[in-house]
Amino acid sequence: MVDRVSGRTVLVTGAGQGMGAGIARALAGEGANVAVGDINVAAADAVAAALRDHGHSAISVGMDVTKREQVRAAIEVTVREFGRLDVMFNNAGLNKPMQFLDVTEENWNLVMDVNALGVLIGTQEAAKQMIAQGGGGKIVNTASIASRQGYAEFVPYCASKFAVVAIIQAGARALAGDHITVNGFSPGVVETPLWAQLDKDMVDIHAAEKEGDAFAAFASGALLGRAAQVADIVPTAVFLASADSDFITGQVMAIDGGMVLV
Ligand SMILES: NC(=O)c1ccc[n+]([C@@H]2O[C@H](COP(=O)([O-])OP(=O)(O)OC[C@H]3O[C@@H](n4cnc5c(N)ncnc54)[C@H](O)[C@@H]3O)[C@@H](O)[C@H]2O)c1
């Protein structure tokens, strides 16, 4: 077993399924103490329980990332259990596609609240804890190819993910003096429950003929010729939580098989 994050305490939001769950499993497997955060408490409980069954150190924390007091409480529970917070993954996110001309204020606010405001709150509250314990720490935020390109049916999602890059850059500048790094990674098309839902929604808004078409069309944009699995994302996420990335801050690492070249 590689032990790059052994003994570190990490809170991962949106870790009840998909990429967050994969990241939580990999970190726990390398010896981290992991807090599995999710609004879906049953899903977070299941991920944490499975990790403990495998002899790893994990708790679950129910939390809505858009509610500052719940984010604070999740960090408090994590610190009470494991003594400190070393790494925060602000990973929770959602998409709700609409045709560009149909996008409503409600749709905009829903997506922006979770993906952008949630990441801001998570970055702020994690940093406050890291500063209170003496400084140092790592914050890793999940961006997207939609942080670099606008896609017709995803305008609030793209706006929210562009905002994640802004939070990463501004946060890196603001927190460097406290020895806290702020980075992110930008997946392309990853086969998770998010895409299963997105595929259905794309049919509902008449942007795709049948389920699977939107996924296939987006995945075909990868130079490497396929969609990603969670396993493609996890090693970079662990790298960003480890000392190997200590001299990197304010950066977004693309893990998209060559979809967006910047
Ligand atoms: N799947 C992809 O192709 C893809 C590509 C690029 C970026 N992303 C981003 O990666 C992250 C993870 O995506 P995924 O594909 O694993 O999604 P997913 O839907 O499989 O998992 C997301 C998790 O976030 C949780 N969540 C949603 N709203 C929340 C809230 N308000 N508070 C706390 N938890 C909440 C959900 O309950 C769920 O468990 C998201 O930020 C997403 O935007 C995904």
Side-chain angles (χ1 to χ4, degrees), residues 11-26 35-48 60-71 73-75 88-97 109-122 125 140-149 151 154 156-165 167-168 184-202 214-219 221-222 226-234 236-237 252-257 259-260:
L11 170 55
V12 186
T13 73
Q17 65 181 32
M19 261 181 274
I23 292 166
R25 287 187 194 107
V36 178
D38 208 287
I39 198 168
N40 182 341
V41 180
D45 283 349
V47 171
S60 64
V61 281
M63 63 192 294
D64 178 344
V65 297
T66 68
K67 304 277 188 296
R68 189 178 292 276
E69 67 282 6
Q70 293 190 25
V71 175
I75 292 171
M88 176 81 170
F89 277 89
N90 294 300
N91 167 77
L94 52 78
N95 195 358
K96 192 72 193 159
N109 290 336
L110 167 75
V111 178
M112 287 293 282
D113 273 358
V114 178
N115 297 6
L117 181 62
V119 169
L120 175 66
I121 292 173
E125 296 304 323
V140 186
N141 297 335
T142 305
S144 168
I145 47 169
S147 297
R148 305 291 191 194
Q149 301 279 295
Y151 296 100
F154 303 161
Y157 186 78
C158 296
S160 71
K161 292 296 186 180
F162 271 63
V164 170
V165 177
I167 295 164
I168 289 167
F185 57 89
S186 55
V189 176
V190 192
E191 201 174 337
T192 66
L194 178 145
W195 251 108
Q197 183 61 46
L198 195 50
D199 249 338
K200 288 195 183 86
D201 292 343
M202 289 291 270
F215 183 81
F218 268 86
R226 63 172 176 84
Q229 299 298 318
V230 170
D232 293 306
I233 309 303
V234 161
T236 304
V252 181
M253 307 191 67
I255 322 168
D256 62 4
M259 295 185 84
V260 176

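These numbers were taken from a predicted model, which means no experiment stands behind them. If you read the sequence from its start, that first residue is 1, and numbering goes on from there. Just follow the structure's listing: the first ligand is 1, and inside any ligand the first atom is 1.
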What residue and heavy atom of the protein are closest to atom 3 (O) of ligand 1, and at what distance?
V190 N, 2.7 Å
Show every donor-acceptor pair shorter than 3.5 Å between a side-chain atom in residues 15-25 and any protein atom, with sequence neighbours excluded, or say none if there are none.
none

Region of E191 that comes within reach of ligand 1 [heavy atoms, distance under 4.0 Å]:
neither
So does D232 pair up with R226, basic N to acidic O under 4.0 Å?
yes
Distance check, rounded to the nearest 0.5 Å: Q229 atom CD versus T192 atom OG1?
10.0 Å
Shortest reach to atom 7 (C) of ligand 1 by a heavy atom, considering only A143, A146, G37:
A143
Classify the angle between the aromatic ring planes of F154 and F218 as parallel (below 30°), tilted (30 to 60°) or perpendicular (above 60°).
parallel
Counting non-hydrogen protein atoms only, what is the nearest one to atom 31 (N) of ligand 1? Give residue, atom name and distance.
D64 OD1, 3.0 Å
Look at atom 32 (N) of ligand 1 and find which of N90, V65, V71, L198 reaches it with the closest heavy atom.
V65
So for ligand 1, is Q17 a polar contact partner (N or O within less than 3.5 Å, distance only)?
yes
Has ligand 1 got any nitrogen or oxygen that is less than 3.5 angstrom from a nitrogen or oxygen of V189?
no
Give yes or no for whether the N/O distance cutoff of 3.5 Å, strictly under, is met between T66 and ligand 1.
no
To check you understand the geometry: which heavy-atom pair defines the closest contact between A222 and M259, and what is its length?
CA-CG, 3.6 Å
Would you say T192 has any N or O atom under 3.5 Å from an N or O of ligand 1, going by distance alone?
yes
Any idea which protein heavy atom is nearest atom 33 (C) of ligand 1, and the distance to it?
M63 O, 3.1 Å
heavy-atom search around atom 17 (O) of ligand 1 in the protein gives L194 CB, 3.3 Å
Identify which of F215, W195, Y157, F218 has a heavy atom lying nearest to atom 8 (N) of ligand 1.
Y157
Using a strict cut-off of 4.0 Å, indicate which atoms of ligand 1 neighbour a heavy atom of G18.
16 (O), 20 (O)
Tell me: protein heavy atom nearest atom 12 (C) of ligand 1, and distance?
N91 OD1, 3.5 Å
Heavy-atom side-chain contact between V111 and L94 under 4.5 Å
yes
Quick one: nearest non-hydrogen protein atom to atom 29 (C) of ligand 1, plus distance?
I39 CG2, 3.8 Å
Which of these passes side chain to side chain donor-acceptor pair (under 3.5 Å) with N141: N115, N91, N90?
N90
Can you find an N/O atom of D38 closer than 3.5 Å to an N/O atom of ligand 1?
yes
Using a plain distance cutoff, I'd like to know if L94 has any nitrogen or oxygen under 3.5 Å from a nitrogen or oxygen of ligand 1.
no
Heavy-atom proximity to atom 22 (C) of ligand 1, picking from G122, G118, G20, G93, points to G93
Atom 16 (O) of ligand 1: nearest protein contact (heavy atom, Å)
M19 N, 2.8 Å
Going by heavy atoms in the side chains, are T13 and T142 under 4.5 Å from each other?
no
Got the closest protein heavy atom to atom 9 (C) of ligand 1, with its distance?
T142 CG2, 3.6 Å
Heavy-atom contacts under 4.0 Å between V114 and ligand 1: side chain, backbone, both, or neither?
side chain
Between A92, P187, A227, G22, flag the one that comes closest to atom 6 (C) of ligand 1 by a heavy atom.
P187
